[in-house]
Amino acid sequence: MHRPTDRPDPVSAERPRTGQAGPSPARRSTAAGRSRLIATTVVALACLGVQAVPASAAGAGGVVSRGVTVPAFYQPPAALPAADGALVRTEPLPLALSLPGLDGRPLPGTATRLMYKSTDSQGGPVAVTGAYIEPSAAWKGGGARPLVALAPGTMGQGDQCAASLGLQHPIVIGDDTVSVGYEDLAIYRLLSAGAAVVVTDYVGLGATDRLHTYVSRLDGGHALLDAVRAARALPGSSITADSRIGLFGYSQGGGASASAAELQPSYAPDVKLAGTYSGAPPADLTEVVKGIDGSALAGALGWSLNGFLQADPDLRAIADARLNAAGKAALNDLSTMCVGDAIFGYAFTRSSSWTVGGESVSDIVAAEPRLRAVLDSQRIGTLKPTSPVRLATGVQDDIVPHGQARRLAVDWCRKGANVTYDAVILPNLGDGLLTNHLVPLLTDQGDAVAWLTDRLSGKAAASNCWTMPLQP
């Protein structure tokens, strides 16, 4: 098993050793799905013009997650620096999608792998990994070259899924796993505008000492803000004290960027924000749980539960009592999966099949005051961002429900924040299929980048809170 033996599993059921144990019933039942996944990957590779990297070539000297070697760089040291954002270590990061420039510099830029210190939701020190990319393109906006801190969307919970690894290997194939670095598109768009980009892998994704705390409000917000501090501390970058700072994220990343925007005044007053883009943020997890249960992304329920069980071991007794053998096995299985694996292994699974009494996770949350308190503490929108925010959500989004994302904009507007709210109006593209969630990511991305680059150029943002009653 690739995680420390002195760290408890998400649930009391024993987790199979990574890459050694036989497949679980859920994994055996998805052999055909895995074949389809590989076929889809080949098509994607042909379209992207990149080469798939087999597990044996994905790294050396590190731990193994589902047949993929995670480089030794991602193993945190025993002791960490005291300051949040302090660099623990760095190394050059080869970009898979790179071309030689006319001036000799690679396009779109030069990347550095990072490990830096942050503070987790329990107030303890934690090592976080990520990447900084120095763009080759000149910044044509006003002022010094700006920095964008990008919070990735849902990647999974296995360390092989980390976004920084996706920059080096956009597609990695292992044992029952395929990791796709889909955030590379947004990263490269920002680089082409001349903005420097720093990407966080979040707490526990990539870093091999713990599980990823999926959709944790504090962990996500802290990791993103501390990524800015880490980038500013990196020697040789073009970032200066005058560089404007922006945040960018969709889905899980939208939640992290939204959380960071409202935590910034208290947690990182030294990180002055010019603007934040938050797309489809999971602001109210009570509603999000209902949206993903039984959907194509049902596996994300397991990632959420695993993360909360790690952050708050007192919840373990509830999990032990409420989850049946299938539920405990699913959580252990999901803890090393990427998003594609979870779709093929657990798409359209109902959480009621994981519980002793046949209740859904939402039913159990409603019946357990301790769980209700945990989800309530994750609510984004109780604090006021002091810098402009653009919040966009697809009106048909049923995975990260549109209503709760729109309510975040309303909550911020009522607090007097500068909010640009955009409802992405599209037809219903299929209930529970992820299409209503993913298509707005692509159709709105150009507007999101344009809005943020305007803020990074020093242009003022005009709030449209006054039109909220008229917007869907």
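As the structure is a computational prediction, the values presented were derived from the model and not from experiment.
Pairs engaging residues 328-430 under the disulfide bond (SG atoms under 2.5 Å apart) rule: Cys161-Cys338, Cys413-Cys465 [sequence neighbours left out]. Within the structure, disulfide bond (SG atoms under 2.5 Å apart) contacts touching residues 275-324 (residues at least two apart or in different chains) do not occur. The list of side-chain hydrogen bond (donor to acceptor under 3.5 Å, both in side chains) pairs with a residue in residues 415-427, not counting sequence neighbours, reads Arg390-Asp422. Listed by first and then second residue, the ring-ring contact (aromatic ring centres under 6.0 Å, His included) pairs involving residues 386-411 amount to none (not counting sequence neighbours). Pairs engaging residues 182-220 under the disulfide bond (SG atoms under 2.5 Å apart) rule: none recorded [sequence neighbours left out]. Screening residues 342-364 for salt bridge (Lys or Arg N to Asp or Glu O under 4.0 Å) gives Arg322-Glu359 as the qualifying pairs, with residues at least two apart or on separate chains. Every pair passing ring-ring contact (aromatic ring centres under 6.0 Å, His included) that includes a residue from residues 281-324 is listed here, sequence neighbours excluded: Tyr214-Trp303. Residue pairs meeting the salt bridge (Lys or Arg N to Asp or Glu O under 4.0 Å) criterion with at least one partner in residues 250-259, sequence neighbours excluded, are absent. Residue pairs meeting the disulfide bond (SG atoms under 2.5 Å apart) criterion with at least one partner in residues 177-207, sequence neighbours excluded, are absent.
Scanning for side chain to side chain donor-acceptor pair (under 3.5 Å) contacts around Glu262 gives Trp412, with sequence neighbours left out. A search for salt bridge (charged side-chain N to carboxylate O under 4.0 Å, His left out) contacts involving Arg372 returns nothing, not counting sequence neighbours. Residues that satisfy the side chain to side chain donor-acceptor pair (under 3.5 Å) test with Asn428, not counting sequence neighbours, are Asp431, Asn436.
For the 3.5 Å distance criterion, the side chains of Ser259 and Arg217 fail to qualify, holding no donor opposite an acceptor.
For the pairing with His437, the side-chain hydrogen bond (donor to acceptor under 3.5 Å, both in side chains) check across Asp398, Asp397, Thr393 returns one residue only, Asp397.
When every heavy atom of Ile343 is checked against every heavy atom of Leu434, the shortest pair comes out as CD1-CD1, 3.6 Å.
For Asp411 and Arg379, the salt-bridge test passes: some basic side-chain N is under 4.0 Å from an acidic carboxylate O.
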